[in-house]
Amino acid sequence: MKLATWNVNSLNVRLPQVLAWLEAHQPDVLALQETKLEDHRFPAADFATLGYSAAFSGQKTYNGVALLSRTPLGDVQTGIPGFEDEQRRVLAATVGGVRVACLYVPNGQAVGSDKYAYKLEWLAAARDWLRDELAAHGRLAVVGDFNVAPEDRDVHSPKRWEGQVLVSGPERDAFRELLDLGLHDAFRLHEQPERVFSWWPYGRLGFPRNWGLRIDHVLVSPPLAAECRACTVDVAPRRHERPSDHAPVVATFAAPSD
DNA sequence: ATGGTAGTGTAACTA
């Protein structure tokens, strides 16, 4: 199984890139964030042409998540149960015996802001929900844009970023609490080069200098961790004209019998 | 030089 996640920062703009990437890489599942499309505008027919089914939960201008799959998506769920939120940030579905949760964690804007408080509340609610998901589904993958760089090695310049939103202590603690549920960061299951990131600011000071953060993640339950063979960031789409500011993260898993 | 770039949508917000 090949599972990927990509914050596309407007599916309307990025659709040709996403279609090309799907054709080239043929993942079993691709999770998208920041589609910024209302559901009636979701380009399901374009994905169907490539053999992908889609589930989606979107809104105008902001947020929006989707799951694309080569096999049917079952038990589709939107939002965190019991957590009232108008922002479309969560979508979960079952694919081939694997429960996949697609998250677009709030950015948080700035430490101490209202949006930062919302981010921490949101992460606490997600943690409580995912504890239940983990109990209900042995094979669980939680993927998406977490808007948290878990450790200093996930930050191009830890000193410059120290205490800032995306790397602050409380955000890292919240991310750690997800791992403490029994989830594994698929990227860290494997030996990795230094300075691998998944997001870079737009502009000359961003990608060209690799001034990035690793904030997009694939978290997996123990059975999937045992089957995980690789987890990489595909930086190629970040070089395109009109790129998303994020690159796809791709995890591959051996079949359970292998 | 005294701030940058992108998307939405056409002012101002979010990232």
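Residue numbers start from 1 in every chain, and the chains themselves are labelled A, B, ... in the order their sequence lines are given, proteins ahead of strands.
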Let me see the working for A:N63 and A:R88 under side chain to side chain donor-acceptor pair (under 3.5 Å), right down to the final yes or no.
-> CA-CA 6 Å; A:N63 309 310; A:R88 302 288 194 238; over 6 Å; no
Rounded to the nearest Å, what distance is computed from the [atom1] atom of residue [X] to the [atom2] atom of nucleotide [N]?
| X | N | atom1 | atom2 | result |
| --- | --- | --- | --- | --- |
| A:Q59 | B:dT8 | CD | C1' | 12 Å |
| A:N12 | B:dA6 | CG | P | 17 Å |
| A:Q87 | B:dC13 | CD | C1' | 12 Å |
| A:Y116 | B:dT14 | OH | P | 18 Å |
| A:E34 | B:dT14 | CD | P | 13 Å |
| A:E171 | B:dA15 | CD | P | 12 Å |
| A:Q33 | B:dA15 | CD | P | 14 Å |
| A:D114 | B:dC13 | CG | P | 14 Å |

For [N], take OP1 and OP2 only and decide whether either is under 4.0 Å from a side-chain N or O of [X].
| X | N | value |
| --- | --- | --- |
| A:T61 | B:dG9 | yes |
| A:R242 | B:dG7 | yes |
| A:R89 | B:dA15 | yes |
| A:K115 | B:dT14 | yes |

Between A:G203 and A:G108, which has a closest nucleotide on DNA chain B that is more 5'?
->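 Its nucleotide being nearer the 5' end, the pick is A:G203.
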5'-most by nearest nucleotide on DNA chain B - A:H246 or A:V13 =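 By nearest-heavy-atom nucleotide position, the 5'-most residue is A:V13.
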Closest approach to the side chain of [X], judged atom by atom: which nucleotide of [options] is it?
| X | options | result |
| --- | --- | --- |
| A:N107 | B:dG7, B:dA15, B:dG9 | B:dA15 |
| A:Q109 | B:dT14, B:dG9, B:dT8 | B:dT14 |
| A:K36 | B:dA15, B:dC13, B:dT8 | B:dT8 |
| A:S10 | B:dT8, B:dT14, B:dT5 | B:dT8 |

Answer with yes or no whether the side chains of A:W21 and A:D234 bring together a donor and an acceptor at under 3.5 Å.
->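 Per modelled atom types, A:D234 and A:W21 side chains form a pair under 3.5 Å.
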Where A:W129 and A:A101 come nearest, the two heavy atoms and their spacing =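 Looking at all heavy atoms of both residues, the shortest contact is CH2-CB, 4.0 Å.
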Taking the same atom, [atom1], in [N] and in [M], what whole-Å distance lies between them?
| N | M | atom1 | answer |
| --- | --- | --- | --- |
| B:dG4 | B:dA15 | C1' | 13 Å |
| B:dG7 | B:dA11 | C1' | 14 Å |
| B:dT14 | B:dG9 | C1' | 13 Å |
| B:dA6 | B:dT10 | C1' | 15 Å |

Just call it for A:Y104: base, sugar-phosphate, or nothing, with non-hydrogen atoms closer than 4.0 Å on any strand.
->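 Sugar-phosphate contact only.
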Centres of the A:F47 and A:F42 rings: under 6.0 Å?
->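 Yes: the rings meet the under 6.0 Å criterion.
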Can A:R70 be said to sit on top of A:Y52's aromatic six-ring, NZ or CZ under 6.0 Å from centre and within 45° of the ring axis?
->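 Yes, cation above the ring, under 6.0 Å and within 45°.
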Could A:R89 and A:Y104 be counted as a cation-pi pair, given that NZ or CZ must be under 6.0 Å from the ring centre and within 45° of the axis?
->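 Judged by the rule, A:R89 and A:Y104 form a cation-pi pair.
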